[in-house]
Amino acid sequence: MPDWTIQKLLTWTTQYFIDKKIDSPRLSAELIIASVLSMSRIELYTQFDKPVPKDKLDRLHELVKRASGNEPVAYLIGKTEFYSIELEITNNCLIPRPETELLVERGIDFLRKRSGKQLVCDICTGCGSIAVAIARNFPDADIIATDISDAALKTAERNVEKYGLQHRIKLLCGDLFDPLIPQIDKSGFDLIICNPPYISAGELENLDKNVKDFEPKEALCGGIDGLDIYRRIAKKVDEFLKPGAALMLEVGYSQGQAVKDLLEKTGCFAEIKIEKDFHNNDRVVIAEKLQP
Ligand code: GLN
(Lines give C-alpha, C1' and ligand atoms only; values in the text may rest on other atoms or scores of the structure.)
Protein backbone atom coordinates (compact mmCIF):
# COMPACT_ATOMS: atom_id res chain seq x y z
CA MET A 1 0.00 0.00 0.00
CA PRO A 2 1.43 3.44 -0.86
CA ASP A 3 2.40 5.69 2.05
CA TRP A 4 -0.24 8.01 3.42
CA THR A 5 1.31 11.44 3.27
CA ILE A 6 -0.10 14.44 5.13
CA GLN A 7 -1.35 15.83 1.81
CA LYS A 8 -3.19 12.63 0.90
CA LEU A 9 -4.71 12.39 4.35
CA LEU A 10 -5.95 15.97 4.20
CA THR A 11 -7.56 15.44 0.82
CA TRP A 12 -9.12 12.13 1.79
CA THR A 13 -10.42 13.31 5.19
CA THR A 14 -11.85 16.54 3.74
CA GLN A 15 -13.73 14.60 1.06
CA TYR A 16 -14.97 12.11 3.66
CA PHE A 17 -16.31 14.97 5.82
CA ILE A 18 -17.95 16.58 2.76
CA ASP A 19 -19.71 13.29 2.01
CA LYS A 20 -20.81 13.00 5.64
CA LYS A 21 -22.02 16.63 5.64
CA ILE A 22 -19.74 17.66 8.50
CA ASP A 23 -19.47 21.45 9.08
CA SER A 24 -16.33 23.18 7.79
CA PRO A 25 -14.91 19.95 6.31
CA ARG A 26 -11.45 21.26 5.39
CA LEU A 27 -10.93 23.07 8.70
CA SER A 28 -12.18 20.06 10.68
CA ALA A 29 -9.78 17.77 8.76
CA GLU A 30 -6.87 20.13 9.38
CA LEU A 31 -7.62 20.45 13.11
CA ILE A 32 -7.91 16.71 13.66
CA ILE A 33 -4.83 15.77 11.63
CA ALA A 34 -2.76 18.55 13.22
CA SER A 35 -3.81 17.38 16.67
CA VAL A 36 -2.96 13.71 16.02
CA LEU A 37 0.43 14.64 14.56
CA SER A 38 1.09 17.25 17.32
CA MET A 39 1.64 19.90 14.66
CA SER A 40 0.21 23.34 13.99
CA ARG A 41 -2.13 23.69 11.01
CA ILE A 42 0.51 25.61 9.10
CA GLU A 43 3.04 22.81 9.63
CA LEU A 44 0.72 20.43 7.79
CA TYR A 45 1.29 22.53 4.70
CA THR A 46 5.05 22.87 5.13
CA GLN A 47 5.38 19.09 5.54
CA PHE A 48 2.88 18.00 2.92
CA ASP A 49 4.92 15.03 1.66
CA LYS A 50 5.75 13.57 5.06
CA PRO A 51 4.53 9.96 5.48
CA VAL A 52 2.29 9.38 8.49
CA PRO A 53 3.19 6.39 10.72
CA LYS A 54 0.74 3.55 11.36
CA ASP A 55 -0.01 4.37 15.02
CA LYS A 56 -0.98 7.92 14.04
CA LEU A 57 -3.18 6.62 11.23
CA ASP A 58 -5.00 4.37 13.70
CA ARG A 59 -5.64 7.27 16.05
CA LEU A 60 -6.78 9.43 13.15
CA HIS A 61 -9.12 6.71 11.97
CA GLU A 62 -10.80 6.67 15.38
CA LEU A 63 -11.23 10.45 15.50
CA VAL A 64 -12.50 10.71 11.93
CA LYS A 65 -15.06 8.05 12.67
CA ARG A 66 -16.25 9.92 15.78
CA ALA A 67 -16.37 13.21 13.86
CA SER A 68 -18.50 11.61 11.17
CA GLY A 69 -20.93 10.68 13.96
CA ASN A 70 -21.25 14.45 14.62
CA GLU A 71 -19.03 14.63 17.70
CA PRO A 72 -17.72 18.22 17.80
CA VAL A 73 -14.09 18.63 16.77
CA ALA A 74 -13.35 20.70 19.89
CA TYR A 75 -14.19 17.67 22.08
CA LEU A 76 -12.21 15.31 19.84
CA ILE A 77 -9.03 17.37 19.99
CA GLY A 78 -9.66 18.69 23.52
CA LYS A 79 -9.23 22.34 22.69
CA THR A 80 -10.70 25.35 20.95
CA GLU A 81 -9.86 28.97 20.32
CA PHE A 82 -11.80 31.80 21.92
CA TYR A 83 -10.90 35.48 21.78
CA SER A 84 -7.57 34.38 20.19
CA ILE A 85 -6.78 32.26 23.24
CA GLU A 86 -6.36 28.49 23.09
CA LEU A 87 -8.54 26.85 25.71
CA GLU A 88 -8.77 23.28 26.89
CA ILE A 89 -12.23 21.80 26.37
CA THR A 90 -13.87 18.68 27.73
CA ASN A 91 -17.36 17.39 27.05
CA ASN A 92 -18.37 18.63 30.52
CA CYS A 93 -18.43 22.19 29.22
CA LEU A 94 -20.12 24.15 26.49
CA ILE A 95 -17.81 24.87 23.56
CA PRO A 96 -17.24 28.65 23.59
CA ARG A 97 -18.84 30.32 20.55
CA PRO A 98 -17.54 33.24 18.47
CA GLU A 99 -20.76 35.16 19.31
CA THR A 100 -19.70 35.24 22.97
CA GLU A 101 -16.63 37.27 21.98
CA LEU A 102 -18.97 40.27 21.63
CA LEU A 103 -19.94 39.90 25.31
CA VAL A 104 -16.26 39.79 26.31
CA GLU A 105 -15.48 42.78 24.10
CA ARG A 106 -18.21 44.87 25.73
CA GLY A 107 -17.08 43.79 29.19
CA ILE A 108 -13.50 44.86 28.49
CA ASP A 109 -14.65 48.18 26.91
CA PHE A 110 -16.65 48.92 30.07
CA LEU A 111 -13.77 48.06 32.42
CA ARG A 112 -11.30 50.20 30.43
CA LYS A 113 -13.42 53.30 31.06
CA ARG A 114 -13.13 52.86 34.84
CA SER A 115 -10.15 53.42 37.05
CA GLY A 116 -8.45 51.28 39.66
CA LYS A 117 -8.88 47.60 40.44
CA GLN A 118 -12.07 46.16 39.03
CA LEU A 119 -13.94 43.28 40.59
CA VAL A 120 -15.67 41.10 38.03
CA CYS A 121 -18.00 38.14 38.42
CA ASP A 122 -18.41 35.60 35.60
CA ILE A 123 -21.46 33.46 36.31
CA CYS A 124 -21.81 30.08 34.52
CA THR A 125 -18.13 30.18 33.61
CA GLY A 126 -18.01 26.70 32.06
CA CYS A 127 -14.45 26.14 30.81
CA GLY A 128 -13.58 29.62 32.12
CA SER A 129 -13.60 31.22 28.66
CA ILE A 130 -15.02 34.63 29.61
CA ALA A 131 -13.01 34.93 32.82
CA VAL A 132 -9.72 33.99 31.14
CA ALA A 133 -10.35 36.30 28.15
CA ILE A 134 -11.10 39.26 30.43
CA ALA A 135 -8.19 38.56 32.77
CA ARG A 136 -5.71 38.30 29.89
CA ASN A 137 -6.89 41.51 28.28
CA PHE A 138 -7.55 43.64 31.34
CA PRO A 139 -4.76 43.30 33.91
CA ASP A 140 -6.60 45.33 36.58
CA ALA A 141 -9.46 42.84 36.90
CA ASP A 142 -9.85 40.39 39.75
CA ILE A 143 -12.45 37.81 38.84
CA ILE A 144 -14.70 35.41 40.68
CA ALA A 145 -16.11 32.77 38.33
CA THR A 146 -18.90 30.42 39.37
CA ASP A 147 -20.45 27.33 37.85
CA ILE A 148 -22.83 24.69 39.12
CA SER A 149 -20.80 21.92 37.48
CA ASP A 150 -17.76 20.74 39.37
CA ALA A 151 -16.58 18.87 36.27
CA ALA A 152 -16.72 22.05 34.16
CA LEU A 153 -14.78 23.91 36.86
CA LYS A 154 -11.99 21.31 36.71
CA THR A 155 -11.52 22.26 33.05
CA ALA A 156 -11.74 25.96 33.96
CA GLU A 157 -9.05 25.38 36.59
CA ARG A 158 -6.67 23.97 33.98
CA ASN A 159 -7.33 26.94 31.68
CA VAL A 160 -6.72 29.38 34.52
CA GLU A 161 -3.45 27.60 35.36
CA LYS A 162 -2.38 27.37 31.70
CA TYR A 163 -2.25 31.18 31.63
CA GLY A 164 -0.93 31.61 35.19
CA LEU A 165 -4.07 33.44 36.34
CA GLN A 166 -4.65 31.58 39.62
CA HIS A 167 -4.00 34.73 41.67
CA ARG A 168 -6.60 36.73 39.69
CA ILE A 169 -9.39 34.26 38.97
CA LYS A 170 -11.10 32.49 41.84
CA LEU A 171 -13.29 29.56 40.77
CA LEU A 172 -16.25 28.66 42.98
CA CYS A 173 -18.70 25.81 42.58
CA GLY A 174 -22.39 26.52 43.10
CA ASP A 175 -25.62 27.84 41.63
CA LEU A 176 -25.32 31.36 40.15
CA PHE A 177 -24.64 33.77 43.07
CA ASP A 178 -24.88 31.12 45.82
CA PRO A 179 -21.16 30.55 46.33
CA LEU A 180 -20.46 34.29 46.55
CA ILE A 181 -22.16 35.23 49.76
CA PRO A 182 -19.50 34.17 52.22
CA GLN A 183 -16.70 35.24 49.88
CA ILE A 184 -17.10 38.94 49.31
CA ASP A 185 -18.75 42.12 50.33
CA LYS A 186 -22.20 41.66 48.77
CA SER A 187 -22.29 44.96 46.92
CA GLY A 188 -18.83 44.50 45.53
CA PHE A 189 -18.81 43.92 41.78
CA ASP A 190 -17.97 46.43 39.06
CA LEU A 191 -19.10 44.04 36.34
CA ILE A 192 -21.23 40.92 36.41
CA ILE A 193 -21.05 39.02 33.16
CA CYS A 194 -22.79 35.83 32.16
CA ASN A 195 -23.53 33.60 29.20
CA PRO A 196 -26.22 31.45 30.81
CA PRO A 197 -28.00 28.43 29.36
CA TYR A 198 -30.81 30.03 27.32
CA ILE A 199 -32.17 27.45 24.87
CA SER A 200 -35.93 26.88 25.28
CA ALA A 201 -37.38 23.37 25.60
CA GLY A 202 -38.86 23.60 22.08
CA GLU A 203 -35.64 24.83 20.48
CA LEU A 204 -33.60 22.08 22.12
CA GLU A 205 -35.31 19.46 19.99
CA ASN A 206 -34.35 21.28 16.81
CA LEU A 207 -30.69 21.86 17.59
CA ASP A 208 -28.06 20.31 15.33
CA LYS A 209 -27.02 16.80 16.31
CA ASN A 210 -23.49 17.92 17.19
CA VAL A 211 -24.92 20.26 19.83
CA LYS A 212 -27.94 18.27 21.04
CA ASP A 213 -26.20 14.91 21.37
CA PHE A 214 -22.84 16.06 22.69
CA GLU A 215 -22.88 19.35 24.62
CA PRO A 216 -24.03 19.21 28.25
CA LYS A 217 -27.78 19.83 28.55
CA GLU A 218 -27.32 21.79 31.76
CA ALA A 219 -25.13 24.29 29.87
CA LEU A 220 -27.78 24.71 27.15
CA CYS A 221 -31.28 24.55 28.63
CA GLY A 222 -32.88 27.63 30.11
CA GLY A 223 -36.26 26.07 30.96
CA ILE A 224 -39.54 26.09 29.01
CA ASP A 225 -39.07 29.53 27.44
CA GLY A 226 -35.28 29.70 27.83
CA LEU A 227 -35.49 32.61 30.29
CA ASP A 228 -35.27 30.82 33.65
CA ILE A 229 -31.71 31.82 34.47
CA TYR A 230 -32.31 35.46 33.49
CA ARG A 231 -35.28 35.57 35.88
CA ARG A 232 -33.16 34.19 38.70
CA ILE A 233 -30.29 36.56 37.95
CA ALA A 234 -32.67 39.55 37.82
CA LYS A 235 -34.05 38.65 41.23
CA LYS A 236 -30.69 38.78 42.99
CA VAL A 237 -28.30 40.86 40.93
CA ASP A 238 -28.92 44.24 42.57
CA GLU A 239 -27.35 43.27 45.88
CA PHE A 240 -24.12 42.25 44.13
CA LEU A 241 -23.56 45.33 41.96
CA LYS A 242 -21.86 48.57 42.96
CA PRO A 243 -23.66 51.78 41.91
CA GLY A 244 -22.66 52.53 38.31
CA ALA A 245 -21.60 48.92 37.78
CA ALA A 246 -22.78 46.86 34.81
CA LEU A 247 -24.58 43.60 34.22
CA MET A 248 -23.85 42.06 30.82
CA LEU A 249 -25.77 39.03 29.61
CA GLU A 250 -25.54 36.99 26.46
CA VAL A 251 -29.02 36.25 25.11
CA GLY A 252 -30.59 34.04 22.42
CA TYR A 253 -31.24 35.49 18.94
CA SER A 254 -34.72 36.79 19.82
CA GLN A 255 -34.56 37.16 23.60
CA GLY A 256 -33.25 40.74 23.81
CA GLN A 257 -36.54 42.48 24.57
CA ALA A 258 -37.74 39.81 27.03
CA VAL A 259 -34.49 40.02 29.00
CA LYS A 260 -34.54 43.83 28.86
CA ASP A 261 -38.10 43.76 30.27
CA LEU A 262 -37.06 41.43 33.09
CA LEU A 263 -34.21 43.75 34.06
CA GLU A 264 -36.37 46.88 33.74
CA LYS A 265 -38.81 45.44 36.28
CA THR A 266 -36.07 45.30 38.93
CA GLY A 267 -36.00 49.12 38.86
CA CYS A 268 -32.30 49.18 39.69
CA PHE A 269 -30.83 49.95 36.26
CA ALA A 270 -30.36 53.41 34.70
CA GLU A 271 -30.03 52.26 31.11
CA ILE A 272 -30.56 48.93 29.38
CA LYS A 273 -29.29 48.29 25.85
CA ILE A 274 -29.69 45.36 23.46
CA GLU A 275 -26.80 44.69 21.07
CA LYS A 276 -26.89 42.63 17.89
CA ASP A 277 -24.19 40.22 16.73
CA PHE A 278 -22.58 39.91 13.28
CA HIS A 279 -25.63 37.95 12.06
CA ASN A 280 -27.89 40.81 13.19
CA ASN A 281 -29.39 38.67 15.97
CA ASP A 282 -29.92 39.92 19.53
CA ARG A 283 -26.81 38.83 21.41
CA VAL A 284 -25.93 40.97 24.43
CA VAL A 285 -28.02 42.89 26.96
CA ILE A 286 -26.11 45.56 28.86
CA ALA A 287 -27.58 47.18 31.96
CA GLU A 288 -25.89 49.85 34.06
CA LYS A 289 -26.91 50.21 37.67
CA LEU A 290 -28.25 53.55 38.85
CA GLN A 291 -25.90 55.88 40.71
CA PRO A 292 -27.25 56.87 44.14
N1 GLN B 1 -19.27 30.88 29.97
C2 GLN B 1 -19.10 29.74 29.08
C3 GLN B 1 -19.18 30.20 27.65
O4 GLN B 1 -19.66 31.27 27.37
C5 GLN B 1 -20.13 28.65 29.38
C6 GLN B 1 -21.54 29.10 29.20
C7 GLN B 1 -22.56 28.03 29.55
O8 GLN B 1 -22.21 26.94 30.03
N9 GLN B 1 -23.79 28.32 29.31
O10 GLN B 1 -18.73 29.51 26.76
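Note that ligands are numbered from 1 as they come in the structure, with each ligand's atoms numbered from 1 the same way. Just so you know, these numbers come straight off a predicted model, no measurement behind them.
In this structure, the side chain to side chain contact (heavy atoms under 4.5 Å, CB included) partners of Glu99, at least two apart in sequence or on a different chain, are Arg97, Asp277, Phe278, His279, Arg283.
For the pair Lys8 and Asp49, the salt-bridge criterion is not met [side-chain N within less than 4.0 Å of a carboxylate O]. Arg106 has a carboxylate O that lies under 4.0 Å from a charged side-chain N of Glu275, or vice versa, which qualifies the two as a salt bridge.
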Let's go through Arg231 and Asp225 carefully: what are the C-alpha distance in whole Å and the side-chain angles of both, what is the deciding distance for salt bridge (charged side-chain N to carboxylate O under 4.0 Å, His left out) to 0.1 Å, and is it a yes or a no?
CA-CA 11 Å; Arg231 282 190 197 93; Asp225 64 357; 2.5 Å; yes
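Sorted by chain and number, the residues within 4.0 Å of ligand 1 by heavy atom are Leu94, Pro96, Thr100, Cys124, Thr125, Gly126, Ser129, Ile130, Asn195, Pro196, Pro197, Ala219.
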Output side-chain donor-acceptor pairs under 3.5 Å for residues 69-81, partner residues at least two apart or in another chain, one line each.
unit_1, atom_1, unit_2, atom_2, d
Glu71, OE1, Arg66, NE, 3.2
Glu71, OE2, Arg66, NH2, 2.8
Tyr75, OH, Cys93, O, 2.7

Report, one line per pair, each donor and acceptor closer than 3.5 Å where one atom sits in a side chain of residues 131-145; sequence neighbours left out.
unit_1, atom_1, unit_2, atom_2, d
Asn137, ND2, Ala133, O, 2.8

